[in-house]
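Below is one structure, written out as structure tokens, with a few remarks after it.
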There are 2 protein chains.
Amino acid sequence: MRERFYKIGEVSEMLDIEQYTLRYLENSLKLKIKRDERGDRQYSESDLDTLKLIMELREKGLNTTAIKMALENVEQVEETRVAPVNDNLLTTNIPELLALAQQIVVQNEEMLDNNKLLTERINRLEEKVEKRNMERERKIDEFLTLWKNEQEGKNKSWLSKLVGK
Amino acid sequence: MRERFYKIGEVSEMLDIEQYTLRYLENSLKLKIKRDERGDRQYSESDLDTLKLIMELREKGLNTTAIKMALENVEQVEETRVAPVNDNLLTTNIPELLALAQQIVVQNEEMLDNNKLLTERINRLEEKVEKRNMERERKIDEFLTLWKNEQEGKNKSWLSKLVGK
DNA sequence: ATTTACCTAATAACAAGTTATGAAGTAAGG
DNA sequence: CCTTACTTCATAACTTGTTATTAGGTAAAT
């Protein structure tokens, strides 16, 4: 399964960050974003996570240089993930944990957003179903009532008049 | 042996920091500097160390908020006496790690609750739809029965005309 | 052939953090 | 009494980081 990449326009849409801001962050934070044959930026999922993290740290009021430091930590964590993990608790790096925790927070926020979306969808769905069922039932009931009346002999019900003859 | 304190003029001289800058740092970084009976600032040795550290971090380009974080770190580390103070001031942040962990727990609980609610709602929704369908089927059956009767007898009912032959 | 979406680079415009200055007040000491 | 060294508070002046705009250019799709 090939990794998916996003163009800067998509990223801008998804993360609600202006395109020039994305370019600015790339320069100021020295992010290395892939380019395709034509030179267009290709953002990977990992890049998206990084950007989310960056925005969070920004909201916290962290400086560009501070964010740079934090990112270095995250990179280290991901590098060491490849290597066999035989370190016990004593040798475990706190920065590693911190970076991981930050990632988890980002992921969780994403999940929370997802949850919210699901809730909205269910709301709409419930409303829809309710409305539709009511309507259908109403129509059938109406029809049946009229039909029954008709059956009982009333030839001149308003419906038959209305329908014509 | 009583601790020695320095007045702002002395500190300014020793560390080559303007007095107004010292006051500014106290405010922006929320340092708690002792005051004497008259309200004059009294800088302790520890305060001097802190100030030196602050200037270093500043030179590195760290933000006020980043420095604030770093300072909290130092405090915590000195309190817990767990680890020697290394140069990873920004990231060796046990309190922050704990705070993050708590945040994660809260988020996860929220998500779990939400998930449970969503599941219940979906269950109810499905049940409802099922029930409605049953009901509708019943009514249609009823209708069909009547329709059959109609077909077998009265050829000129308004319904048959309406439906079209 | 025109629109769309991307690129770079320069620069304007704005916001915020910081440095610096000044006014007005208090207490200690020569 | 006058100077010195503090205090607070307000504000001016400057610096910097960031946002936003513009111009000029390429490639692909309509």
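Proteins come first, then strands; the chains are lettered A, B, ... in the order of their sequence lines, and each starts at number 1. Keep in mind that what you see is a predicted model, and the values were worked out from it rather than measured.
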ask   = Taking only side-chain nitrogens and oxygens of B/R23, does any of them come within less than 4.0 Å of OP1 or OP2 of C/dT18?
value = no
query = Distance check: side-chain N/O of A/Y20 vs OP1/OP2 of D/dA20, anything under 4.0 Å?
reply = yes
To the nearest Å, give me how far apart [atom1] ([X]) and [atom2] ([N]) are.
X     : N      : atom1 : atom2 : value
A/L25 : D/dT19 : CG    : P     : 7 Å
B/E18 : C/dT18 : CD    : C1'   : 13 Å
A/N27 : D/dT18 : CG    : P     : 12 Å
A/K7  : C/dT4  : NZ    : C1'   : 9 Å
A/I54 : D/dT18 : CD1   : P     : 11 Å
B/D36 : C/dA28 : CG    : C1'   : 11 Å
B/Y24 : D/dT7  : OH    : P     : 18 Å
B/Q19 : C/dG22 : CD    : P     : 15 Å

remark   = Smallest heavy-atom separation, A/I54 atom then A/L29 atom, equals CD1-CD1, 3.5 Å
query = Can you tell me if A/D47 uses its side chain to pair, donor with acceptor, with the backbone of A/S44 under 3.5 Å?
reply = yes
inquiry  = Donor-acceptor pair, distance only, cut-off 3.5 Å: does the side chain of B/S12 make one with the backbone of B/I8?
reply    = no
query = Does B/K34 come within less than 4.0 Å of B/E3, counting only side-chain N to carboxylate O?
reply = no
query = Which residue, B/T64 or B/R38, contacts DNA chain C at a nucleotide closer to its 5' end, judged by nearest heavy atom?
reply = B/T64
ask   = Between C/dC7, D/dC6, C/dT19, which nucleotide has the shortest distance from any of its atoms to the side chain of B/T21?
value = C/dT19
query = Can you tell which of D/dT18, C/dT8, D/dT7 lies closest to the side chain of A/R35?
reply = C/dT8
